[in-house]
Amino acid sequence: MSKLERFLESLYKKYRTLNSGKLASYIPQLANANPDWFAITVVTTDGKVFTVGDSQENFTIQSISKVFLHGMALEDCGRAALLEKVGVEPTGDPFDSVIRLDENSKRPDNPMVNAGAIATTSLIKGNELTERLNRMLEMFRRYINRDVFIDVSVFMSERATGHRNRALANLLLNFGTIDHNIEEILDLYFQQCSLVVNCQDLAMMAATLANRGIQPITNQQAVQSEYVRDMLSVMHTCGMYNYAGEWAYRVGIPAKSGVSGGIIGVIPERAGIAVFSPLIDQQGNSVRGLRVFEDLSQEFGFHLLDVSMGKCNFADCLESD
Ligand code: GLU
């Protein structure tokens, strides 16, 4: 067994009984999740998979999709045009804040808050919704390396309850950021949140970003490498809701989380990491996920800015002894 596998096992044992936090409850499908689900997966940039727990359990990706739509919008319209519509500034406010958009910024602060994600979604090219949806699914397929699906029941619930998102879209229309096709843009936004993934898929997607946008198994370019920098920078500063600053300080890994309990983290040139555990804290981050990432960062020296202990030789930790 490798050092990494032993450490993953120990993390799984250490945190599986940590039961603080709550299930997301704004739609029934998330409230019905099993609070015991717990998985940790690491995929290296050369495609080795290390995993413990319920790594094949399906759930909807929720806000983690925002990272990948950001990449797609960059490819579709370029860095300068995207920056005109959406900034790259962390907010410290809740991800679905309406007041911030209306009273402060008028322009979404970054692509990880809902207003920004709705704006990036509006930039996805395609003649009508079906074409844009198909292009989006094809993009996710390149990262995940299997067929991908939307959970229709989650999509319908998101659409039926997404009043704040509808308010944000209306404000964006008022500011001239998006065009009048609000319901189509929102549908594509709700569909991306409803993509079905498991923990291993998420780690594979993160490993693709760690590997300059090249999927480690297929060697296919999932996103142009020049845009990986943009995606990781925004993850690093804005990816963990209004815990992003503390996360950057404590964990130091570009990451994104979602309210269904997933967190992805990218260790450039080395690995992608994903944790899934649906009990989330008040900010929306998986409680076990936060602890697991903190321990992993500490153990393997993953904090990008930590020069004190030198980087461990991660490759050695992957070898069986
Ligand atoms: N579908 C959710 C929303 O737009 C995303 C929640 C999340 O994971 O942040 O409200």
Side-chain angles (χ1 to χ4, degrees), residues 21-33 37 58-70 86 90-101 108-122 133 136 140 150-172 178 182-197 199 201-202 205-206 234-235 238-244 247 255-265 274-287 289-290:
K22 291 201 167 92
L23 295 169
S25 58
Y26 69 95
I27 53 173
Q29 294 86 346
L30 294 180
N32 289 335
W37 283 333
N58 284 338
F59 55 98
T60 52
I61 188 168
Q62 295 297 339
S63 274
I64 297 174
S65 64
K66 293 178 166 83
V67 170
F68 302 93
L69 268 290
H70 179 209
V86 185
T91 71
D93 283 334
F95 66 98
D96 56 357
S97 174
V98 175
I99 203 158
R100 181 171 179 98
L101 178 66
D109 294 274
N110 67 68
M112 301 296 111
V113 293
N114 284 11
I118 293 167
T120 55
T121 300
S122 77
L133 172 63
M136 181 178 85
F140 281 122
I150 301 294
D151 183 323
V152 176
S153 125
V154 171
F155 164 60
M156 296 301 279
S157 292
E158 294 279 352
R159 186 204 237 174
T161 59
H163 312 304
R164 294 184 73 82
N165 289 321
R166 207 157 271 114
L168 289 169
N170 275 291
L171 276 176
L172 292 172
I178 63 177
I182 286 195
E183 288 305 322
E184 276 197 21
I185 295 167
L186 284 169
D187 274 359
L188 196 59
Y189 172 78
F190 295 135
Q191 282 156 349
Q192 65 180 264
C193 294
S194 311
L195 183 86
V196 177
V197 290
C199 191
D201 295 332
L202 288 182
M205 296 165 88
V234 170
M235 287 168 75
C238 314
M240 298 297 289
Y241 301 116
N242 34 344
Y243 186 74
W247 171 275
K256 180 74 194 94
S257 66
V259 292
S260 49
I263 304 181
I264 60 168
V275 181
F276 169 54
S277 164
L279 292 171
I280 58 173
D281 64 15
Q282 284 193 331
Q283 275 91 19
N285 295 314
S286 166
V287 175
L290 294 181

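Order of appearance sets the numbers: ligands from 1, and atoms from 1 within every ligand. Because only heavy atoms are used, hydrogens play no part in the values below, and waters and symmetry mates are left out as well, while side chains stay in.
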message: The test is side-chain hydrogen bond (donor to acceptor under 3.5 Å, both in side chains); show your working for T60 and Q29 and say whether it passes.
response: CA-CA 9 Å; T60 52; Q29 294 86 346; over 6 Å; no

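Around ligand 1, the residues contributing at least one heavy atom under 4.0 Å from the ligand are Y26, Q62, S63, F95, N114, E158, N165, Y189, C193, Y241, G258, V259.
Partners of Y243 according to the ring pair (Phe, Tyr, Trp, His ring centres under 6.0 Å) rule, which considers only residues two or more places apart in sequence or in another chain, do not exist here. Considering only residues two or more places apart in sequence or on other chains, F59 meets the ring pair (Phe, Tyr, Trp, His ring centres under 6.0 Å) condition with F276. Every salt bridge (Lys or Arg N to Asp or Glu O under 4.0 Å) that R159 has, sequence neighbours left out, goes to D187.
Of all heavy-atom pairs spanning V86 and N110, the tightest one is CG1-C, 3.5 Å.
Annotation: cation-pi pair K256/F68 absent, no NZ/CZ under 6.0 Å from the ring centroid and within 45° of its normal.
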